[in-house]
Amino acid sequence: QVQLVESGGGLVQPGGSLRLSCAASGSISRINAMGWYRQAPGKQRELVAVSPSSGSTQYADFVKGRFTISRDSAKNTVYLQMNSLQVEDTAVYFCNLVGRERAWSSVREWWGQGTQVTVSS
């Protein structure tokens, strides 16, 4: 069973920074991609950034130049460095993993429990 554990959320003032971490544990044969999504109150969950195992990272337009996604493949961990945070970035941030539990398993995705990021003065 794959589990994703997020950390690093919290309260920060506008213009501040936070770093989110997400560690994957359990049986994982292959990781296709790890990424971050967010969901603000009353809104749908949206992509923030994704780091494929092969290919280029992708960012939502609203975070380009402010957020950076990175991965430590040896630790099955993905990070999201968030700088120049704005009030509009307030949301629950979810870690996402796409991959296979076994070599013969179907590709599926897993979600973390979410971590709250609040940007407020």
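- Once rounded to the nearest 0.5 Å, the distance linking CD of Glu109 with CG of Leu4 reads 10.5 Å.
- For an aromatic pair to be called close, the ring centres must be under 6.0 Å apart, and Phe67 with Trp36 fails this.
- Arg38 forms no cation-pi arrangement with Phe94, by the criterion of a distance under 6.0 Å to the ring centre and an angle within 45° of the ring axis.
- Taken to the nearest 0.5 Å, the CG atom of Asp89 stands 4.0 Å off from the CZ atom of Arg66.
- Between Cys95 and Val78, the shortest heavy-atom distance links the atoms SG-CG1, 3.8 Å.
- Taking both residues in full, the closest heavy atoms of Ser121 and Pro14 are given as N-CD, 3.7 Å, listed atom of the first, atom of the second, then distance.
- Hydrophobic clustering (side-chain heavy atoms under 4.5 Å, transitive across Ile, Leu, Val, Met, Phe, Trp, Tyr) keeps Leu85 apart from Tyr37.
- Atom CG of residue Leu97 and atom CG of residue Asn32 lie 8.5 Å apart, to the nearest 0.5 angstrom.
- When side chains are defined from C-beta on, Arg71 counts as touching Ser51, because their heavy atoms get closer than 4.5 Å.
- With hydrogens and angles disregarded, a donor-acceptor distance shorter than 3.5 Å links the side chain of Ser53 to the backbone of Ile31.
- Between Ser17 and Ser84, the shortest heavy-atom contact is OG-N, 4.4 Å.
- The distance from the CG atom of Asn96 to the CG atom of Leu47 is 9.0 Å, given to the nearest 0.5 Å.
- Listed by first and then second residue, the disulfide (SG to SG under 2.5 Å) pairs that reach into residues 33-65 come to none, sequence neighbours excluded.
- Judged purely by atom type and a 3.5 angstrom limit, Arg100 uses its side chain to pair as donor or acceptor with the backbone of Ser105.
- Between Phe62 and Glu46 there is a side-chain heavy-atom pair separated by less than 4.5 Å.
- With a 4.5 Å cut-off on side-chain heavy atoms, Val48 and Tyr93 count as touching.
- A cation-pi arrangement is present between Arg19 and Tyr79 under the rule of less than 6.0 angstrom and at most 45 degrees off the ring axis.
- For the atom pair CD (Glu6) and CG (Leu80), the distance works out to 11.0 Å, reported to the nearest 0.5 Å.
- Between the side chain of Thr90 and the backbone N or O of Glu88 there is no donor-acceptor pair closer than 3.5 Å.
- One hydrophobic cluster holds both Val50 and Trp111 under the rule that ILVMFWY side chains link at heavy-atom gaps under 4.5 Å.
- With hydrogens and angles disregarded, no donor-acceptor distance shorter than 3.5 Å links the side chain of Gln13 to the backbone of Ser120.
- When all heavy atoms of Ala103 and Ser29 are compared, the closest pair comes out as N-OG, 3.4 Å.
- A chain of hydrophobic side-chain contacts below 4.5 Å, direct or via other Ile, Leu, Val, Met, Phe, Trp or Tyr residues, connects Ile28 to Trp110.
- Under the 4.5 Å side-chain heavy-atom criterion for Ile, Leu, Val, Met, Phe, Trp and Tyr, Val12 and Val63 are members of the same hydrophobic cluster.
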Donor-acceptor pairs under 3.5 angstrom involving side-chain atoms of residues 20-27: please list them, not counting sequence neighbours.
{"from": "Ser27", "atom 1": "OG", "to": "Glu101", "atom 2": "O", "distance (Å)": "3.4"}
{"from": "Ser27", "atom 1": "OG", "to": "Arg102", "atom 2": "NH1", "distance (Å)": "2.0"}

Derivation of the side chain to side chain donor-acceptor pair (under 3.5 Å) call for Gln116 and Thr118: CA-CA 6 Å; Gln116 177 70 46; Thr118 302; 3.3 Å; yes
